[in-house]
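So the structure is just underneath, and the comments pick up after that.
Just so you know, these numbers come straight off a predicted model, no measurement behind them. All ligand and atom numbering here is 1-based and tracks the order in the structure.
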Amino acid sequence: MYRLTGKVQHYVWGGRDYLPWLLGKGNAHHQPYAEYWMGVHSGGHTRVWLNDHAHTGLPDLIRSEPRRYLGSEVLQKFGDLPFLLKVLDVKSMLSIQVHPTKEAAKLGFDAENTAGVPLDSLHRNFKDANHKPEIMVALGDFWLLHGFLPEDELLNRLESTPELEFLIPIFKSGGYHGLYRQVMELSEEEVDKIIAPLARRVYPGYQAGNWSKSQPEFWVGRILEVTAPVFRGMDRGIFSIYFFNIVSLKEGQAIFQGPGLPHAYLEGQNIELMSNSDNVLRGGLTPKHIDVPELMKHIRFEATHPKVLDGIQEGAALKYICPIPDFTIRRVSLRKGEEYSWSDPGPQISIQVSGDLTWNDEMKCLKGSSVWVNPNEKCVIKALEDSILFLASVP
Ligand SMILES: [Zn+2]
């Protein structure tokens, strides 16, 4: 096993306090700390500490002896580490997004390469040829948008929102696809004409604290608060807040998002585990490029009944089952003095979100530590204080 140092991403929506606290760093320049990545993705260089002084890149370590570091099964099946582990601190909401299937990602990536779109172009849709299913486990109260509301609930939302009533016949005749296409193809002026009155109506209530987080109006108010309430240049993503499930998770609860499921994180901290990919198609709440025709190809236009996962208790671990072969995650919670032991035939990465631990009686790890575990390595962790650790592996 080796200690890892992941990569911090300073995206603007990140909080200023949580990740610096977790990683034991200062934040003198008050920068946003949005994500902490651990894996082999080219966008998140992760260092492996070979001893106290020498380090190498995680991809270099794996390439030096793939069979030793991945195990034969993972090497044969994936050729590389199939997952990417992250810690997120969502202060202001993220863009509405959807991730492609593996087949669609491969086609899209090849097509953009053939067309000569540079990898770092702002208009590039596909950063790699992989899918990006993801599971997230809440580290505290967490809020997100997750898939289209079931039909009756969506109709209720439209009926109780005067500015959106005109969408009812469109939804009734064209279904989810017709409804979504309608708002995504509106001109900027038309979006303003519909959304500005809505925003003007709900903002005073937001300021007065009248809306709860389970109501779309709260999140519309939040957007206005962050961008300053100017009531023009409104984001068409606001429609989606009314179309999607607003889901709240408690600490330790998880949710899985497969290809085609539109979603957006609204607020909170989480552990996120995904396939090793950065393929994101955006649908609003973002200043970034939106390719509407491409986005429409990847969304699954159907009702989503959110499945919140409480995890399966196995001793000190809560195990979250994901319906894909790329990854699985465990949350190990130990009281001071307790131990947890395991051995796994594939590679693993851990991240410790609270407490101090020792590994195999020799390596002491503080909160925020990340560890690489080799296939078949026997591990015993012992809690020096109450501790929580997440362990990502291949099922
Ligand atoms: Zn996502």
Side-chain angles (χ1 to χ4, degrees), residues 7 9 11-15 34-39 41 43-44 82-102 104-105 108-109 124-139 142-148 180 219 235 237 240-241 243-249 253-291 294-302 304 306-309 320 322-324 326-329 390 392:
K7 164 97 191 279
Q9 311 283 5
Y11 306 141
V12 289
W13 48 262
E35 303 191 356
Y36 185 63
W37 291 27
M38 293 144 281
H41 198 276
F83 61 75
L84 175 60
L85 180 64
K86 299 180 183 177
V87 187
L88 266 65
D89 180 18
V90 181
K91 173 118 188 305
S92 33
M93 56 187 86
L94 273 70
S95 53
I96 292 162
Q97 52 190 256
V98 70
H99 307 300
T101 62
K102 209 170 203 167
F109 184 71
R124 180 96 192 192
N125 285 314
F126 298 92
K127 306 278 187 350
D128 50 68
N130 203 4
H131 63 167
K132 188 179 177 273
E134 54 203 12
I135 186 170
M136 60 139 289
V137 189
L139 293 173
F142 195 93
W143 291 88
L144 73 157
L145 300 176
H146 179 87
F148 284 101
Y180 198 71
W219 300 103
D235 194 306
S240 292
I241 300 179
F243 298 167
F244 295 166
N245 293 287
I246 299 175
V247 178
S248 122
L249 303 175
Q253 289 187 317
I255 202 159
F256 177 82
Q257 327 208 79
L261 187 133
H263 58 279
Y265 292 156
L266 298 173
E267 182 187 85
Q269 286 104 31
N270 71 18
I271 296 291
E272 204 185 21
L273 179 63
M274 66 210 68
S275 296
N276 183 36
S277 169
D278 201 18
N279 278 329
V280 179
L281 295 138
R282 292 185 174 80
L285 305 183
T286 177
K288 288 186 186 163
H289 168 63
I290 298 181
D291 181 338
E294 191 64 37
L295 175 75
M296 296 295 290
K297 278 195 247 166
H298 300 280
I299 294 185
R300 290 172 62 161
F301 291 100
E302 59 188 25
T304 296
K307 287 191 196 76
V308 174
L309 307 171
Y320 306 92
C322 305
I324 40 133
D326 304 34
F327 54 77
T328 182
I329 189 160
F390 286 86

If you define the side chain from C-beta out and look only at heavy atoms, does anything of M274 sit under 4.5 Å from Q257?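 Contact flag for M274/Q257 side chains = no.
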In terms of relative ring orientation, are F142 and Y265 parallel, tilted or perpendicular, with 30° and 60° separating the classes?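 Rings of F142 and Y265: perpendicular, over 60°.
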Geometric class of the F244/Y180 ring pair [parallel <30°, tilted 30-60°, perpendicular >60°]: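 Ring orientation of Y180 relative to F244: parallel.
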Do any protein N, O or S atoms sit under 2.8 Å from the Zn ion (ligand 1), and which ones are they?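 Hits for the Zn ion (ligand 1) below 2.8 Å: Q97 OE1, H99 NE2, E134 OE2, H263 NE2.
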Sequence neighbours left out, what passes side chain to side chain contact (heavy atoms under 4.5 Å, CB included) with K102? Give chain and number order.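 In terms of side chain to side chain contact (heavy atoms under 4.5 Å, CB included), with neighbours along the sequence ignored, K102 is linked to N130, H131.
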Kindly state each residue pair satisfying salt bridge (Lys or Arg N to Asp or Glu O under 4.0 Å) with at least one member in residues 272-286, sequence neighbours excluded.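 Counting only pairs at least two positions apart or across chains, no salt bridge (Lys or Arg N to Asp or Glu O under 4.0 Å) contact touches residues 272-286.
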N125: side chain to side chain donor-acceptor pair (under 3.5 Å) partners, not counting sequence neighbours: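 If we apply the side chain to side chain donor-acceptor pair (under 3.5 Å) test to N125, skipping adjacent residues, the hits are D291.
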